[in-house]
S.K.: 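Questions regarding the structure given below will be posed in turn.
So you know, we letter chains A, B, ... as the sequences are listed, proteins then strands, and number each from 1.
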Amino acid sequence: MSKEEQPAASVEDDLPEQLRIRREKRAGLIERGVEPYPVSVARTASLAEIRAKYASLETDSTTGDIQSLTGRIIFKRDTGKLCFATLREGDGTELQAMLSLDKVGQETLDSWKSDIDLGDIVSVSGEIITSKRGELSILANSYAIAAKSLRPLPNDHKPMSEETRVRMRYVDLIVRDEARANARLRPAVMRSLRETFHQQNFVEVETPMLQVMHGGAAARPFKSFSNAYDMDLYLRIAPELFLKRCVVGGIERVFEINRNFRNEGADSSHSPEFAMIESYQAYGDWRSIADLTRTLVQNAALAIAGSHVVTHHDGRKADLGGKWREISLYDAITEGVGESVTALTPLEDLKKIATKLGMKIDPKWITGKLAEEIFEHVAKDQLIAPTFVMGFPIDTSPLVRAHRELPGVAEKWDLYVDGFELATGYSELIDPVIQRDRLVEQATLGAKGDLEAMQVDEDFLRAMEFAMPPTGGMGMGVDRLLMALTGLGIRETILFPLVKPEVD
RNA sequence: GGGCCUAUAGCUCAGUCGGUAGAGCAACGGACUUUUAAUCCGUGGGUCGACGGUUCGAGCCCGUCUGGGCCCA
């Protein structure tokens, strides 16, 4: 037969052996009048409920308790007249199913052996018993297929490669305990964060993700376009300017937990989209907001670990309890480089220091930026226990008020844990005239080619001109909080991190 | 942006000196009524990431590209 005469059939024929065989089994079931994807199957209890109910059933006992249980088959042992299978449900709970010739008959036993594969989801109906080896089991009177898997599960005994885990998280969740645990850790942390906020009378709001203007942080945005309005829109890089509008409007304690988007590099601690908490507290300042931040982190640790001491996935313990260390940014630099550095140290002197340290210097860096870079170079790696780094340069902090004593310094801290920046907090700048000057400075930098510089948001300035009360504000990366609590890389804390598409 | 490692069966991985592609699990056929990484006998399964080069001959050597990981800035 020539190629032209057999067009469509080849798609199925080209499949790898194991995929082809399962498709054939599906077709075989349909042919025999068995629905491989029924609208419902019998289910009277979850596996977890049965496990809890019979936590201490003696070996080789019967209960007379007839149930219908469902689960994915992750392990199957077929013998001549008695078959075993391990069912697993979504949270990882497992239960053994047994099918014996004398209970189900030859036809059902044969179909179980030939139709049912690893990965299939089934419903088994029968009595809850324990086997002669003491395994809690359901001894089937009948079974029904709930959903036929057309793909084989990966080898259950060898871990999947990192790429496969991320690309097929659904399979990762089926086979790997830690993946299931991580997926449930995140919502537990989220719940704890919201509870802490609610305890302190903070109001949760949702502010725009699609913005006419991006602002509130130094970062490159993703750009989009609205057909209806015929204008450019940006995915937000931070919600700050909208949350401050809330404070102006009298929502005195406000927070938002939502996604930000930054069009920058991705590595083990940066993702192009990431979850962020921002919170503002009227009549607070950088110290009160630091206390709030510590409470949020410590309560989250309690929620998932039952203690302020958390255990990382590699077994390392991290103590997040107590009152955290505070260091001054410029003191840390001074100590790290062995000569006195303050916010008034000129750019040229900082350049000499950086050169001596062997750092690459970007000529676009302003004085404060260079000081921050030197700090990261000399001190960052040592900041393992939670540490507030206090007093950042004012020229890189356009939304922060000046330090009440130190010239050239802003009332801004960064919180470091495990050597990375977990959160940042300010005494917010509330003088609208100074705020305008700072944003105009930023716009000038932007005009000079700084792609991370902020724009002048006139509506935000108008809001500020209606007067915002003295306010403390903070921002914390949720993914990074999970990293600090678990020691995982950012791509493990995010269920579906961005991956480049596979090529054929 | 720079450096290093990596891509082979559904999954996890070997593959020596350049000479017809291997294992475990999984799959297929058979045996087995207490297994739990079941066991025993047998069988099939591959565009070795893509493209180009060197060579009588390339999974292996060289170049380019793509995906992934790690380190540095």
S.K.: Just distance, no hydrogens or angles: give the donor-acceptor pairs under 3.5 Å from side chains in residues 139-147 of chain A, sequence neighbours left out.
M.R.:
unit_1   : atom_1 : unit_2   : atom_2 : d
A/Tyr143 : OH     : A/Ser111 : OG     : 2.9
A/Tyr143 : OH     : A/Trp112 : N      : 3.4

S.K.: What is the distance from CD of A/Gln106 to P of B/rU33, rounded to the nearest Å?
M.R.: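 In whole Å, B/rU33 P and A/Gln106 CD are 11 Å from each other.
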S.K.: Regarding A/Asp120 and A/Ser149, do their side chains bring together a donor and an acceptor under 3.5 Å, going by distance alone?
M.R.: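 No, because no side-chain N or O of A/Asp120 sits under 3.5 Å from a partner of the opposite role on A/Ser149.
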S.K.: Could you give the CD-to-C1' distance, from A/Glu24 to B/rA27, as a whole number of Å?
M.R.: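 After rounding, the reported distance stands at 12 Å.
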S.K.: Please report the distance separating the P of B/rG44 from the corresponding atom of B/rG22, rounded so that it comes out in whole Å.
M.R.: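 After rounding to an integer number of Å, I get 13 Å for this pair.
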S.K.: Using whole Å, what does the distance between atom P of nucleotide B/rU33 and atom CD of A/Gln96 come to?
M.R.: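 Nearest whole value for this atom pair: 16 Å.
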S.K.: What integer number of Å spans the P atoms of B/rC5 and B/rG19?
M.R.: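 Each nucleotide's P atom is 23 Å from the other's.
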S.K.: Of all the choices, B/rA26, B/rC32, B/rC28, which nucleotide is nearest to the side chain of A/Thr79 once you look at every atom?
M.R.: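 The nucleotide sitting nearest to the side chain is B/rC32.
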S.K.: Grab the CD1-P distance between A/Ile490 and B/rC70 for me, whole Å please.
M.R.: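 Those two atoms, CD1 and P, are 12 Å apart.
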S.K.: Tell me the partner of B/rG22, counting only Watson-Crick (N1-N3 plus N6-O4 or O6-N4) or G-U wobble (N1-O2 and O6-N3) with both under 3.5 Å; none if nothing fits.
M.R.: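 WC or wobble partner is B/rC13.
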S.K.: Which part of the nucleic acid does A/Thr86 contact within heavy-atom distance under 4.0 Å: base, sugar-phosphate only, or nothing?
M.R.: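 Result for A/Thr86 = nothing.
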S.K.: Suppose we define a pair by two distances each less than 3.5 Å, Watson-Crick or G-U wobble; what does B/rC60 pair with here?
M.R.: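 The answer is none; no pair meets the criterion.
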S.K.: Counting heavy atoms from C-beta on, name the nucleotide in B/rU34, B/rC28, B/rU33 closest to the side chain of A/Lys25.
M.R.: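 Nearest to the side chain of A/Lys25 among the choices is B/rC28.
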S.K.: Before accepting this row, confirm whether a basic side-chain N of the pair A/Asp60/A/Lys132 lies closer than 4.0 Å to the acidic partner's carboxylate O.
M.R.: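 Result for this pair is no, no salt bridge flagged.
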S.K.: Side chain of A/Pro154: nearest nucleotide among B/rC11, B/rU34, B/rA26?
M.R.: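 From the listed options, B/rC11 comes nearest.
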S.K.: Have a look at A/Leu101 and say if it touches a base, only the backbone sugar-phosphate, or nothing, with a 4.0 Å heavy-atom cut-off.
M.R.: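 It contacts base atoms.
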S.K.: Does any N or O donor sit under 3.5 Å from an N or O acceptor when you compare the side chain of A/Gln18 with the base of B/rA26?
M.R.: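 It does, because a donor-acceptor pair links the side chain of A/Gln18 to the base of B/rA26 below 3.5 Å.
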S.K.: Counting only side-chain nitrogens and oxygens, does A/Lys360 get under 4.0 Å of the OP1 or OP2 atom of B/rA73?
M.R.: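 Checking B/rA73 against A/Lys360, no side-chain N or O comes under 4.0 Å of OP1 or OP2.
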S.K.: Would you mind reading off the distance between A/Arg77 atom CZ and B/rU34 atom P, rounded to a whole angstrom?
M.R.: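 Distance check: A/Arg77 CZ to B/rU34 P gives 13 Å.
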S.K.: Are side-chain N/O atoms of A/Gln67 and A/Thr44 paired as donor and acceptor at under 3.5 Å?
M.R.: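 Yes, side-chain donor-acceptor contact under 3.5 Å.
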S.K.: Between A/Asp381 and A/Asp78, which is nearer to the 5' end of RNA chain B once each is assigned its nearest nucleotide?
M.R.: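 On the 5' side of the pair lies A/Asp78.
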S.K.: Considering only heavy atoms, which members of residues 111-121 of chain A lie under 4.0 Å from some atom of RNA chain B?
M.R.: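 The stretch gives A/Asp117, A/Leu118 as the residues lying under 4.0 Å from the strand, ordered by number.
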S.K.: Which residue, A/Leu82 or A/Val499, contacts RNA chain B at a nucleotide closer to its 5' end, judged by nearest heavy atom?
M.R.: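 With A/Leu82 and A/Val499 compared, the 5'-side residue is A/Leu82.
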S.K.: CG of A/Leu139 versus P of B/rU36: gap in Å, rounded?
M.R.: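 These atoms are roughly 18 Å apart.
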S.K.: Are side-chain N/O atoms of A/Thr396 and A/Lys369 paired as donor and acceptor at under 3.5 Å?
M.R.: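 There is no such pair (donor and acceptor under 3.5 Å, judged by atom type) between the side chains of A/Thr396 and A/Lys369.
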S.K.: Measure from NE2 on A/His270 to P on B/rA73 and round the result to the nearest Å.
M.R.: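 Going from NE2 in A/His270 over to P in B/rA73 covers 14 Å.
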S.K.: Should we count CZ of A/Arg51 as having more than 12 external heavy atoms under 6.0 Å?
M.R.: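 Yes - once you tally the heavy atoms of other residues, nucleotides and ligands closer than 6.0 Å, there are more than 12.
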S.K.: Run the ring pair (Phe, Tyr, Trp, His ring centres under 6.0 Å) check on A/Phe496 and A/Tyr170 step by step: do they pass?
M.R.: CA-CA 9 Å; A/Phe496 299 104; A/Tyr170 34 91; 7.5 Å; no
S.K.: In whole angstrom, give me the gap between the C1' atoms of B/rA26 and B/rU12.
M.R.: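 These two C1' atoms come out 11 Å apart once rounded.
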S.K.: Under 3.5 Å, is there a donor-acceptor pair between the A/Thr130 and A/Ser61 side chains?
M.R.: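 There is such a pair (donor and acceptor under 3.5 Å, judged by atom type) between the side chains of A/Thr130 and A/Ser61.
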S.K.: Across all strands shown, which nucleotide pairs with B/rC70 by Watson-Crick or G-U wobble geometry, both distances under 3.5 Å?
M.R.: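 Answer to the pairing question: B/rG3, which forms a Watson-Crick or G-U pair with B/rC70.
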S.K.: Does B/rG44 pair with anything, Watson-Crick or G-U wobble, both distances under 3.5 Å, and if so, with which nucleotide?
M.R.: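 When the pairing criteria are applied, nothing turns out to pair with B/rG44, so the answer is none.
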S.K.: Answer with yes or no whether the side chains of A/Glu326 and A/Thr387 bring together a donor and an acceptor at under 3.5 Å.
M.R.: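 Side-chain D/A pair, A/Thr387 to A/Glu326: absent.
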S.K.: Do A/Arg77 and A/Gln96 meet the criterion of a side-chain donor-acceptor pair at a distance under 3.5 Å?
M.R.: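 A/Gln96 and A/Arg77 do have a side-chain donor-acceptor pair below 3.5 Å.
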S.K.: Using the P atom in both, what is the distance from B/rC17 to B/rC28, to the nearest Å?
M.R.: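 To the nearest whole Å, 39 Å.
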S.K.: Please report the distance separating the P of B/rU8 from the corresponding atom of B/rC51, rounded so that it comes out in whole Å.
M.R.: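 It comes out at 16 Å once rounded to the nearest Å.
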S.K.: For a quick check under 3.5 Å, do A/Arg43 and A/Ser68 share a side-chain donor-acceptor pair by atom type?
M.R.: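 Checked: A/Arg43/A/Ser68 side chains show no N/O donor-acceptor pair below 3.5 Å.
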S.K.: Among A/Arg32, A/Lys25, A/Arg26, exactly one meets salt bridge (charged side-chain N to carboxylate O under 4.0 Å, His left out) together with A/Asp115. Which residue is that?
M.R.: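 Exactly one pass, corresponding to A/Arg32.
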S.K.: Just the rounded figure in Å: distance from P of B/rU43 to CD of A/Glu17.
M.R.: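 Checked: the CD to P distance equals 15 Å.
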S.K.: Using atom P in both nucleotides, what's the gap between B/rA21 and B/rG46 to the nearest angstrom?
M.R.: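 Their P atoms lie roughly 13 Å apart.
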S.K.: Which residues in residues 155-169 of chain A have a heavy atom closer than 4.0 Å to any atom of RNA chain B?
M.R.: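 A/Asn155, A/His157, A/Lys158, A/Pro159, A/Met160, A/Ser161, A/Glu162, A/Glu163, A/Thr164, A/Arg167 - these, ordered by number, are the residues of the stretch whose heavy atoms sit under 4.0 Å from the strand.
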S.K.: Say you pick atom P in B/rC25 and the same atom in B/rG42; how far apart are they, in whole Å?
M.R.: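 Roughly 14 Å separates the two P atoms.
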S.K.: Determine the interatomic distance between P on B/rG15 and the same-named atom on B/rG3; round to the nearest Å.
M.R.: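 Their P atoms lie roughly 27 Å apart.
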